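As structure tokens, the structure follows; a few thoughts come after it.
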Amino acid sequence: MSQDAGSPNQYQPRSFESRHQARWEEAGLHRAVGPGSGKPKYYVLDMFPYPSGSGLHVGHALGYVGTDIVARKKRMEGYDVLHPMGWDAFGLPAEQYAIQTGRHPRQTTDENTANFRRQLKNIGLSYDWSREVDTSHEGYYKHTQKLFKTLHERGLAYRAEVPVWWCEELKTVLANEEVINGRSERGNHPCVRRPLKQWMLKITAYADRLLADLDGLDWPESIKIQQREWIGRSEGASIRFRLEAGGEVEVYTTRPDTLWGATFMVLAPEHPLVERIVTAAQRGAVEAYAAAARSKSELERTELSKEKTGVFTGAHALNPLLDPADPLARIPVWIADYVLWGYGTGAIMAVPGHDERDFEFARKHGLAVREVVRPPQGEKGLADGACFSGEGVAVASGPLDGLATPAAKARAIALLEERGVGAKKTTYKLRDWLFSRQRYWGEPFPLLHLEDGTVVPLPDDALPVLLPAMDDFKPSPDGSAPLARAKDWVETRDPRTGAKARRDTDTMPGWAGSCWYWLRFMDAANDQQPFSKEAESYWGPVDLYVGGASHAVMHLLYARFWHKVFFDAGLVHTKEPFQKLFNQGMVTAFAYEDESGRLVASDEVEAKGDGFARKGSGEGLFQIVTKMAKSLKNVVNPDDIIEEYGCDAFRLYEMFMGPLADSKPWNPRDIPGCRRFLERLWRVFVDEKAEEPVRTHLLADAAGEPQGESLALEKALAKTLARVEESFTHFNFNVAVAAFMTFVNEATKAPQALTRSQGRRLLAALSPFAPHVAEELWQRMRCEGLCAAEPWPRADPRHAIDDEIDLPVQVNGKLRATPKAPKD
RNA sequence: GGGGGAAUGGCGGAAUCGGCAGACGCAUCGGACUUAAAAUCCGAAGCCUUCGAUGGCGUGGGGGUUCGAGCCCCCCUUCCCCCACCA
């Protein structure tokens, strides 16, 4: 690798990168103008990061470089481009980092954002930094509080005593989405269910619209499917079963047509009826089972559930559509932990003939199985000893007999409604969003609890409700919120009446700030409102939103929910916030494992011949691809790469690795190839041995149409520009970089044939990808203005088509001879 | 178990519509330049066979459609990601 030293005519990227960055900034090149610009608008947004202590890695940078290329090209095409960046700084990650380091989150957050900002600028990303936002700054969360009030006013925020996920380790409640297999998403700590009075947001009121409006979005189908799955709409019926001992129990089913096949009933162990209906003989067993289910973590419960356990309560229920005298009408009631208290009614009618889980349970406990749906020809059913859960024809079901499943469902519902024992019902997996946390580092709620127990929102002019300064912001051991300890802050008065009041000591979850940040970017300096109508009607919606697929449900669902509420409140003019969504792939890394499959940290590995070996011992190792991980020492910091190879080489490599959407491994050995390309490009423009800053023939326009080698370059350039243009359709910028390489290889053979006009167009097209070197050569060519502000060059259609092609000859589909066209 | 994505040289990856598989880069080998090395430039290179052209085989495996399949259809294998007892 050549050193960044020696003659000023060598390619030394570090010597000019910051200079051109300063020129862009001075020219206001990256400033989004806004209403009245006289240009079409384009809003390209990155998912803003948590400013974590470990800084930015090359995986973040992948998406950021991709959007930067789009933003830069759109500017050159004459758009008023909004390309902003900010910090999702509130929430658990920031707080935990602060706790780990024993310092105040304000301080660590500021340090981390400063580091992120420096790293992003180092990459030469063209953000409009005048619009930077930080969700943890009072100027931002003042508006988050205001918008929460909008939800509150519209009846979408309510307090409820709900069984919530409680994490003992984190001392806080978590949302359903933040708990995976009974463990916290962050930190993987065990969580348990516990009743607590909490703020809830009524996202379920928007379930149908969140589902329906997915259809019109230009989003990856996989993300839409995940959202649909998460919302989990299912249509069926609720049915009330009378209990022999008095009272009734309500179940939810998607298959009311199988009611005649219900041979038992199962309640979740937590179901409140259990206590009342259990018979004396069964009480001991039932209580032991319920207690065991409670004490088990959700993880154990799901792990052990491969075997379906459960206990008979001793109680019986009556099938509401059968004559009570019919012996089939009387069915036993069990409890089992495969029935979830949190879904439907927490109780089911079990139809073992036509539900896999019920089938398994019935077999294990010797319960009756009855066939009430005959499978279509060729499908296995009870006659073959298998459970059939598909659609067929109803049998042994009285009035339903002979009906196909859809008709049988409708008939069953009609019968239930006629007799007043059930109704058609739509159920969602989606639950209301648990919106409070017993944490310090979040937005305080803009509300007061009055002495009479009422809750009143604060007026706008009393906002923000500032987070009180606290030295000890760690969670209290008893689980109460840290803010409860700020007595002077909690005890206050209603500014309107002077009545004594208490502040709410919970804070909002980390997602709150990210539920509207794309709107704030439109009007980031607005002190009075979160954003003006004028700015929103100009910039909205986001034209291109790029980020990782890991936000498929949580952030993207919450953000859509808030946006729809804003739409209903007349604050925004579109139903959806993000018109086009694109997920960049994951940057993985090579890792190494030994014979036994144990992973070896990459700093203990060296190349050996074709393979790899452990340093020292020389033991042979296998190369595999994994996620980047600190423990494997294969996390890469962009700073290091940029320091060694320059910013443009870093950007090009990020794109050259493969299509933006693909997951692909980071391979440091490939980076020099991108650097070498830039050096070769440089030498096409600059004679390193000469004194002049640029080849002198590039300083003047060539006369007439290009001839000879110049004409060949003209054709090559047209082809390059066409391929570059095309790469923007699917964000496969690797092909664009390859096209530039191919052109430069051509031009290297005859640098004197490259005309000034060709050089200008090449640099302009390269500018979004490798903006610094393009700008430097532009300046050396004494071109007017900034390369980055040049109109985007289009392929000349006269030259984009080959005027000579090789025609392959096939005989019987086999290639027989390729006539070699004479090379002139 | 369900859903999504993927599989092409030693490696990362190219290949509008079904039409010359392997662009571009890495690693490798050869040559030029050099006292030498680095850098640079020029060139070779899928695999098998062959002195060489020719020839044969080749896009995870098996079948199919077609004049022609990396690409379309059916079956299978492996890997990655997400969800997972949702009645």
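Every value quoted in this text rests on a predicted model; they were computed, and no experiment measured them. In what follows, chains carry the letters A, B, and so on, assigned in the order in which the sequence lines appear, proteins first and then strands, with residues in each chain numbered from 1.
Residues Tyr645(A) and Arg675(A) have side chains that never bring a donor and an acceptor to within less than 3.5 angstrom of each other. Side-chain atoms of Asp432(A) and Thr204(A) form a donor-acceptor pair, as typed in the model, at a separation below 3.5 Å. No side-chain donor from either of Thr309(A) and Tyr338(A) sits under 3.5 Å from a side-chain acceptor of the other.
Between Arg723(A) and Glu725(A) there is no salt bridge, since no side-chain nitrogen of the basic residue lies less than 4.0 Å from a carboxylate oxygen of the acidic one.
Between Arg723(A) and A14(B) there is no side-chain polar atom (N or O) within less than 4.0 angstrom of OP1 or OP2. Under 4.0 angstrom from either OP1 or OP2 of G2(B) there lies no side-chain N or O belonging to Arg228(A). Residue Arg683(A) places at least one side-chain N or O under 4.0 Å from the OP1 or OP2 atom of C41(B). Taking 4.0 angstrom as the limit, Tyr252(A) places none of its side-chain polar atoms (N or O) nearer than this to OP1 or OP2 of A87(B). Dashed line: the shortest gap from a side-chain N or O of Asn667(A) to OP1 or OP2 of G25(B) is not under 4.0 Å. OP1 or OP2 of G25(B) has not a single side-chain nitrogen or oxygen of Arg669(A) nearer than 4.0 Å. Regarding contacts with the backbone of C81(B), every side-chain N or O of Ser663(A) stays at 4.0 angstrom or more from both OP1 and OP2. Close to A14(B), at under 4.0 Å from its OP1 or OP2, lies a side-chain N or O of Asn734(A).
Counting to the nearest Å, the C1' atom of A87(B) and the CD atom of Glu250(A) are 14 Å from each other. Distance CG (Leu652(A)) to P (C26(B)): 13 Å, rounded to an integer number of Å. As rounded to whole Å, 4 Å separates atom C1' of C24(B) from atom CZ of Phe656(A).
Of the residues near RNA chain B, Gly673(A) and Tyr653(A), the one whose nearest nucleotide (by heavy atom distance) lies more toward the 5' end is Tyr653(A). Residue Pro659(A) is the one, among Ile348(A) and Pro659(A), whose nearest nucleotide of RNA chain B lies closer to the 5' end (criterion: closest heavy atom).
Remark: the separation of the P atoms in G64(B) and C71(B) is 14 Å, to the nearest Å. Only the C1' atoms considered, C42(B) is 43 Å distant from U78(B), to the nearest whole Å. Separation of the P atoms belonging to G3(B) and G62(B) is 27 Å when rounded to the nearest angstrom. A gap of 13 Å separates the C1' atoms of U59(B) and C47(B), to the nearest Å. Separation of the C1' atoms belonging to G25(B) and C73(B) is 36 Å when rounded to the nearest angstrom. Of the P atoms belonging to C48(B) and U40(B), the separation is 30 Å, rounded to the nearest Å. The P atoms of A14(B) and A53(B) are separated by 31 Å, rounded to the nearest whole Å. Comparing A21(B) with U28(B), their P atoms are spaced 29 Å from each other, to the whole Å.
Here G10(B) sits opposite C26(B) as a Watson-Crick or G-U wobble pair (both hydrogen-bonding atom distances under 3.5 Å).
When side chains are defined from C-beta on, Arg680(A) counts as touching Asn745(A), because their heavy atoms get closer than 4.5 Å.
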